Amino acid sequence: MGTFPVLLSIPHGGTKVPAELKNRLAIGKNGLFEDTDPFTQRIYDLKDKVKFVTKANVARAFIDPSRSATDLPPENPDGVIKSHTCFGKVIYKQDQQPNKSEIAFLLEKYYAPYHHQIQEIILAGRNDLKICFDCHSMAEIGPQISPDTGESRPLICLGNRFGASAEDAVVYKLKSCFVTAFELKETDVTINKPFAGGFITNRYGNNPLPWVQIEMNRKLYLKEPWFNSETLKISKSKIDDLNNKFFLALKMYFS
């Protein structure tokens, strides 16, 4: 078939450190890696096989597009501008965390453009798009700052905000497609548990298009023999395999 009528949002796959923050960090390379959604820009990006793809380039440890602009520390250390990662790692050196004016600048420079792009795509593609996906990965075990701390997670989680961002029939059909395409058991793919959908899914879901959040367990690829935990490098063949299976799942959905 032709190009899928889909928008793919990949908000947590970025790895860049904003130039304004480089000399203020307490967190190291490994801490940043575990807080991002590793390799999701390569796993989910179907390029010209879908209508639109939008990706955040800056690491979510610094600016998180999947949070409300008012979701800030200390109330939420894992908010839009963070003080700690979801694993409890301190991000900034003592007294080096961005102040209010710096936060406003960072949001305007790095956060707002991501949402403007989504809004422009929805407006421009409203007659061509059928569904939007917010694409993520998740740790194998629920980390310190999460709704399921210490619990084992499914291999795939699909979230529709319990019917608020997309019809239940949509996610149940998607579940069947993912089970088949990824060669999984029915119990390996869950709906709304542990994630029902974050800020992006909530903000844009059914307004006017359906949105579904996809969470892929890093257990599927951050393991030997595909992944080297010392070099943080991964086998291209494994990434290609997951990308192809994701394509197959969407192909089945639109068949």
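The model shown is predicted, which means the values in this text are computed figures rather than measured ones. FYI, side chains are in, hydrogens and waters are out, and symmetry mates aren't considered; it's all heavy atoms of this structure. We're numbering straight along the sequence, starting at 1.
Checking each of Phe247, Phe52, Phe133 against Phe4 for a ring-ring contact (aromatic ring centres under 6.0 Å, His included) leaves exactly one that passes, namely Phe247.
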For residues 106-114, run the donor-acceptor check on the side chains, cut-off 3.5 Å, and write out each pair with its distance to 0.1 Å, sequence neighbours left out.
| residue | atom | partner | partner atom | Å |
| --- | --- | --- | --- | --- |
| Lys109 | NZ | Glu20 | OE2 | 2.7 |
| Tyr110 | OH | Glu20 | OE1 | 2.8 |
| Tyr110 | OH | Glu20 | OE2 | 3.4 |
| Tyr111 | OH | Arg67 | O | 2.5 |
| Tyr111 | OH | Ala69 | N | 3.4 |
| Tyr114 | OH | Ser9 | OG | 2.8 |
| Tyr114 | OH | Ile10 | N | 3.1 |
| Tyr114 | OH | Thr54 | O | 3.3 |

All N/O donor-acceptor pairs, side-chain side in residues 137-145, below 3.5 Å, sequence neighbours left out:
| residue | atom | partner | partner atom | Å |
| --- | --- | --- | --- | --- |
| Ser137 | OG | Arg218 | NE | 2.9 |
| Glu140 | OE1 | Lys223 | NZ | 3.1 |

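To the nearest 0.5 Å, atoms CG (Asn57) and OG1 (Thr15) are separated by 8.0 Å. Distance check: Ser176 OG to Met252 CE gives 6.0 Å after rounding to the nearest 0.5 Å. Distance CG/Leu32 to CD1/Ile27: 4.5 Å, rounded to 0.5 Å. Atom OG1 in Thr40 sits 10.0 Å away from atom CD in Glu215 (nearest 0.5 Å).
For an aromatic pair to be called close, the ring centres must be under 6.0 Å apart, and His115 with Phe199 satisfies this.
Cluster annotation: Phe195 is not connected to Val170 through the hydrophobic network of ILVMFWY side chains, with a link wherever side-chain heavy atoms come within less than 4.5 Å.
In this structure, Thr187 has no side chain to side chain donor-acceptor pair (under 3.5 Å) partners at least two apart in sequence or on a different chain.
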Derivation and outcome, side-chain contact (heavy atoms from CB on, under 4.5 Å), residues Leu8 and Leu46: CA-CA 8 Å; Leu8 300 176; Leu46 296 181; 4.2 Å; yes
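Using cut-offs of 30° and 60° on the angle between ring planes, the pair Phe178 and Phe246 is tilted. Ring pair His136/His12 is perpendicular by interplanar angle, where above 60° counts as perpendicular and below 30° as parallel.
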